[in-house]
Amino acid sequence: MAQIPQDSGFDNTLSLASDGYQFVRKRQRELQSDIFETRLMLRKVICISGEEASKLFYDEELFERKGVTPGRVNKTLLGEGGVQGLDDEAHRWRKQMFMSMMTPARLKDMKNAMSRHWDDAAIKWETMRDDIVLLDEAEKVIARAVFEWTGVPLEEADVEERTADIAAMIEGAGAVGRDHWRGRSARDRTEKWISDIIEDVRKKKRQVPEGTALYIIANHRDLKGRLMDKGHAAVDLLNILRPTVAIGRFIVFAALALHEHPEMRRKLKAAGDDEIEHFVQEVRRFYPFFPFQMARVRKEFQWRGFTFPKGRKVMLDLHGTNRDPRSWKDPDEFRPERFQEWDESAYNLIPQGGGDHYRNHRCPGEWITIDLMKVAVRKLVSDMDYDIPEQDLEIDLSQMPTAPNSRFIIQNVRTSNLRLAPQH
Ligand code: HEM
């Protein structure tokens, strides 16, 4: 049996922090192998990428998730007791709870809420003399929309603070020092607030419409018929609020792509739904967001002549798979037209995980993500004009998650097109 090519150095945790999104790709090139073994936090980890690797990784007979997420990520980004760390029957049951929220009618409600809150915000942006930081503004728009959609009450006066807390959880995951601790305290504060709301719903002190995420999660029962622990329920409700707000980053990447390809902006003004979708898919493929996903080998197996021992951690390079030349021609070029011919494989475009939404750990919010990005792209190209001043638009690939350094500043917003458009 061949030995898996080995990364140099005793432990590469610090290199992961400095190489960021390029950690796997860089080593694959150095070792001339798309599979290699490294050591992170003193434990051996096999790193893989590409469509075939992603088919392997999402085979649940071979891999499990329990206990694989590092504690520091749980303390900030994910929380403890949520769907991510479950396996088998318990996972499928909890996942069904999420998928039951994604009906066509509910997805439409989400798009409408986003459209309405975007328009309200755009009219305010028009009166603002200061720079408008699109990442921060998009996150607030989405926060208003997703709180409304889930049924979680959010006073206008609290939008700024609650959104900042959610953004701190997202940014705290890959951070060290002060930003990490900000993420932790934001999570503690928000989990406590949400679990009190869940308790109020259970005690019927708060009415919430059936079909909303708050209603569904507060009343969800596990396989033994018990209500979820209220802390775990809060973690899963935050599993909707937090990543939806994170779509703000993809929206900023879409704005950046429109800025860098002005001809696409002109074309999209008159585009149909397919063209807008191809553009959105290319943004999700091209720009770096969620870098890797971890799992653990359930039982020993062989793949391509290499042994994967039971208990070994395996890291799938999500961003690297989206840029893999074996699946994508000229992968480092931004070309939405490639989606005219995409084979719709569940394993080559995996910014939100691969496999099946119901059975695997693939992100249940993928449709919401695509929908909200489409709404935002239409707004950016058709309903508003704006100026883009000189700024630092570089994307730092050692930051995870990353964004343009300036967070995308716009100025002098004009919404005359919006006022001419039919109102909802
Ligand atoms: C901002 C865009 C988003 C990105 C980049 C993203 C990315 C991901 C990734 C990479 C995973 C892990 C896949 C795996 O474990 O193999 C995931 C899982 C998950 N995402 Fe998203 N996501 C996004 C938006 C959303 C939205 C809008 C929601 C909810 C409405 C959501 C809810 C979840 C949940 C609950 C899981 C865990 C699923 C499971 O373990 O079965 N995400 N997401």
Side-chain angles (χ1 to χ4, degrees), residues 21 53-60 63-66 68-69 73 77-79 81-88 90-102 106-107 109-111 114 135 138-139 142-143 145-147 149-150 152 166-167 170 173 212-213 216-217 232 235-254 280 283-285 287-296 314-319 321-322 346-347 349-373 376 400-403:
Y21 290 91
S54 117
K55 277 184 196 153
L56 178 81
F57 187 85
Y58 285 99
D59 181 341
E60 300 201 337
F63 291 99
E64 61 191 3
R65 295 297 181 91
K66 191 169 186 285
V68 292
T69 311
V73 176
L77 186 72
L78 297 183
V83 62
Q84 288 92 344
L86 301 177
D87 289 305
D88 306 317
H91 173 250
R92 277 190 289 278
W93 184 251
R94 186 87 67 85
K95 191 64 177 285
Q96 177 54 38
M97 173 187 85
F98 283 93
M99 299 313 292
S100 73
M101 301 166 196
M102 307 299 164
R106 290 262 61 214
L107 293 175
D109 291 342
M110 182 79 223
K111 275 194 290 192
M114 169 79 170
L135 181 53
E139 286 182 343
I142 303 170
V146 71
F147 275 83
W149 186 77
T150 49
V152 177
I166 291 179
I170 299 166
T212 56
I216 291 173
I217 294 179
H232 294 175
V235 165
D236 270 343
L237 192 46
L238 265 172
N239 263 333
I240 296 170
L241 299 169
R242 183 201 68 251
T244 309
V245 169
I247 298 169
R249 272 166 207 269
F250 268 150
I251 291 174
V252 159
F253 286 134
V280 159
V283 170
R284 295 196 320 128
R285 185 196 71 80
Y287 288 99
F289 199 148
F290 213 103
F292 321 107
Q293 183 60 50
M294 286 277 197
R296 192 198 314 275
V314 174
M315 185 160 99
L316 175 68
D317 183 3
L318 303 181
H319 181 57
T321 303
N322 297 336
Y347 301 98
L349 178 70
I350 54 168
Q352 297 179 232
D356 182 75
H357 291 99
Y358 291 80
R359 227 183 39 249
N360 300 116
H361 283 272
R362 186 177 189 132
C363 175
E366 203 162 8
W367 303 320
I368 288 185
T369 306
I370 294 171
D371 281 350
L372 297 196
M373 288 174 72
M400 296 182 290
T402 191

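Not measured: the values here are computed from a predicted model. Any value given below was found using the heavy atoms of this structure, including those in side chains, with hydrogens, waters and symmetry copies removed. Every number for a ligand or one of its atoms is a count from 1 in the order of the listing.
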Side-chain H-bond candidate by donor/acceptor type, Q352 with T369, under 3.5 Å: yes
If you measure from [atom1] on [X] to [atom2] on [Y], what distance do you get to the nearest 0.5 Å?
| X | Y | atom1 | atom2 | value |
| --- | --- | --- | --- | --- |
| Y287 | F250 | OH | CZ | 11.5 Å |
| K66 | H91 | NZ | NE2 | 14.5 Å |
| F290 | N322 | CZ | CG | 12.5 Å |
| E60 | R65 | CD | CZ | 7.5 Å |

Where does ligand 1 get N/O contacts under 3.5 Å from the protein, atom by atom?
unit_1, atom_1, unit_2, atom_2, d
ligand 1, 15 (O), R65, NH1, 2.7
ligand 1, 15 (O), Q293, OE1, 3.4
ligand 1, 16 (O), Y58, OH, 2.5
ligand 1, 16 (O), R65, NH2, 3.0
ligand 1, 22 (N), Q352, NE2, 3.4
ligand 1, 40 (O), H361, ND1, 2.6
ligand 1, 41 (O), H91, NE2, 2.7
ligand 1, 41 (O), K95, NZ, 3.0
ligand 1, 41 (O), H361, ND1, 3.4

For F98, the ring-ring contact (aromatic ring centres under 6.0 Å, His included) test, sequence neighbours excluded, returns none
